[in-house]
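Heads up, the thing below is written out as structure tokens.
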Amino acid sequence: MRIGFEIHVQLKTESKLFCPCPTNYWEAEPNSNVCPVCLGLPGSKPHPVNEESIRKALMVALSLGMEVKPKILFLRKHYFYPDLPSGYQRTSTPLAVNGRLGKVRIREIHVEEDPGRYDLKEGLVDFNRSGVSLIEIVTEPDMTSVEEAETFLKDLHLLLTYLGVILNPSVVFRVDANISLEGGERVEIKNINSIESVKKALRYEILRQKRLLESGRGVKRETRHWDEARGVTVSLRVKETEEDYRYMPDPDIPPVSIDPSLVEELRSSLPELPWERKERFVREYGVDRTVADALVRDKALGEFFEEKAGEISPKFWAEFLTSRLKGELNYRGLDFSAVPSKEGVFLIAKAWHDGRITKEAAVELLRKLLDGEIGDVSAEIEKFSVVENVEDVVREVVEAFPEVVEDYRKGKKAAINRLVGEVMKRTRGRADARRVRELLEKLLS
Ligand SMILES: [Zn+2]
């Protein structure tokens, strides 16, 4: 099995690729962020290419280790659809080639303009999105399972998040996936809008192609559409070649030279990338590689870890965040941004770390905090803080229950549970049960 992607990402820029219209298409009134250029009106002339778009596209290319081309051309890609008033989409020749993310080779990156949005049901078109900058990232078909495809898309998403180039966080990707099975032709699935949908579409397509191959009918080369509602792929067209689009250089847009000094400036000022941060966490804080990985996979979580790492044992803190906190968040279907008090999380971890509260109390406090049941975390920690005189209580209990002690000494080892329970009762649960057991065992031996 071979899987490859063409991934479209809208770039975070103030204005569109060839006009000054704003890019917040999803928030604005329909058809309010438009001008003659992005409406494709006859006689309108595009503005010079948006430099911010080129910079952001170059940042992505450089972080993928790609070779940047010295010059790009904008081509007209012709097709007919209501969301494209000019009848062509402007798309660049490759801005950069030959990169890599993990084991997947990146073939090339293009800069393009987004079409508008057409509501097929209502027959209405909104051109707010028309002309927004996109990059298209084309991979080689290097993925050999749905799991590998998912890992790649998640890693790419994380990279784009670190670079800060994503325009609209709720539609990070639009993906065209191509997939071929041994003995079959390549099938392309168009316009899948999330990582979850990519997985579903690939699984569906793998089954469909397997069945065709097993029945001897064969898989023909075609383009299919992912029908999200029905969870199936549907044939769009049987053959598609580059000629169908009648690519031609856009005569309104002169070739764009890529300044080598800009490339060097961007290369040296790239932010810390996820894999670099991971290695630094291992090196600087001594956390395990898998823990460091979990920390960098949520950018805000990793940053919070680092903010407090100087005030607590970093290893303890990292484990607390990635197993305790993450576990409670996953159970509630939340992510880190939903934590009501980040400082409260730290105070709880710190109190446990310093032995002021038990592990059980820490877990309980954390749950209460996430469920919004705690206002003042410090006061709540005070209520849970462990009793100082736990040894006295243990001694009291041993004296108060001679018959249980007798049972234990006669070999009924389970009798100790009764004593532990009594100590917990007398300390109202504020003693560390494991330590109580240890003290009892010592005293009774
Ligand atoms: Zn415009």
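Computed over heavy atoms, backbone and side chain alike; hydrogens, waters and symmetry mates excluded. Every value quoted in this text rests on a predicted model; they were computed, and no experiment measured them.
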So Ile312 and Trp352, do their side chains get closer than 4.5 Å, heavy atoms only?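 Not in contact.
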Determine the sole option in Glu284, Glu303, Glu306 for which the salt bridge (charged side-chain N to carboxylate O under 4.0 Å, His left out) test with Arg277 is passed.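 With Arg277 as partner, Glu284, Glu303, Glu306 yield a single salt bridge (charged side-chain N to carboxylate O under 4.0 Å, His left out), made by Glu303.
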So, the side chain of [X] versus the backbone of [Y]: is there a donor-acceptor pair under 3.5 Å, distance only?
X      : Y      : value
Asn178 : Gly4   : yes
Ser32  : Glu29  : yes
Asn128 : Asn31  : yes
Ser44  : Pro36  : yes
Ser130 : Cys38  : yes
Arg129 : Arg117 : no
Asp288 : Val291 : no
Asp142 : Arg105 : yes
Arg217 : Leu213 : no
Glu364 : Glu360 : no

Could you give me the CA-CA distance, side-chain angles and deciding distance for Ile106 and Val138, then say whether side-chain contact (heavy atoms from CB on, under 4.5 Å) is met? CA-CA 6 Å; Ile106 311 292; Val138 185; over 6 Å; no
Side chain to side chain donor-acceptor pair (under 3.5 Å) between Tyr245 and Gln89, worked out: CA-CA 10 Å; Tyr245 289 122; Gln89 180 189 23; over 6 Å; no
Atom pair [atom1] ([X]) and [atom2] ([Y]), whose distance is rounded to the nearest 0.5 Å:
X      : Y      : atom1 : atom2 : value
Ile357 : Ile348 : CD1   : CD1   : 6.5 Å
His110 : Glu112 : NE2   : CD    : 7.0 Å
Ser15  : Asn50  : OG    : CG    : 4.0 Å
Ile7   : Glu136 : CD1   : CD    : 9.5 Å
Glu222 : Leu236 : CD    : CG    : 8.5 Å
Lys16  : Leu11  : NZ    : CG    : 14.5 Å

Steps toward side-chain contact (heavy atoms from CB on, under 4.5 Å) verdict (Glu52, Glu14): CA-CA 8 Å; Glu52 192 54 26; Glu14 289 291 315; over 6 Å; no
Counting the benzene-type ring for Trp, do [X] and [Y] have ring centres under 6.0 Å apart?
X      : Y      : result
Phe18  : His47  : no
Tyr285 : Phe305 : yes
His78  : Tyr88  : yes
Trp317 : Phe304 : yes

Closest non-hydrogen atom pair, [X] against [Y]:
X      : Y      : answer
Leu95  : Val111 : CD2-CG2, 4.2 Å
Val296 : Tyr162 : O-OH, 2.8 Å
Leu369 : Gly344 : CD1-CA, 4.0 Å
Ser133 : Thr13  : OG-OG1, 4.2 Å
Val125 : Asp83  : CG1-CA, 4.1 Å

Cation-pi check, Lys199 to Tyr204: give yes when NZ or CZ is under 6.0 Å from the six-membered ring centre and within 45° of the ring axis, no otherwise.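 No, Lys199 does not lie over the aromatic ring of Tyr204.
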Would you kindly say whether [X] and [Y] are connected by a side-chain donor-acceptor distance under 3.5 Å?
X      : Y      : result
Thr233 : Arg224 : yes
Asn191 : Asp176 : no
Ser170 : Asn168 : yes
Asn193 : Glu228 : no

I'd like to know whether Phe173 forms a side-chain contact (heavy atoms from CB on, under 4.5 Å) with Leu153, so could you lay out the CA-CA distance, the side-chain angles of the two residues, the decisive distance to 0.1 Å, and finally the verdict. CA-CA 9 Å; Phe173 290 148; Leu153 290 175; 4.2 Å; yes
Could you tell me whether Lys350 atom NZ has more than 12 heavy atoms of other residues or ligands within 6.0 Å of it?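 It does: Lys350 NZ has more than 12 such atoms within range.
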Between Leu64 and Leu159, is a side-chain contact (heavy atoms from CB on, under 4.5 Å) present by the stated rule, with each step listed? CA-CA 9 Å; Leu64 292 168; Leu159 174 65; 3.6 Å; yes
Assess whether side chain to side chain donor-acceptor pair (under 3.5 Å) is satisfied between His8 and Glu6, documenting all intermediate values. CA-CA 7 Å; His8 299 88; Glu6 290 172 18; 5.3 Å; no
Taking NZ, NE, NH1 and NH2 as the nitrogens, is one of them in Glu319 or Lys315 under 4.0 Å from a carboxylate oxygen of the other?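 No.
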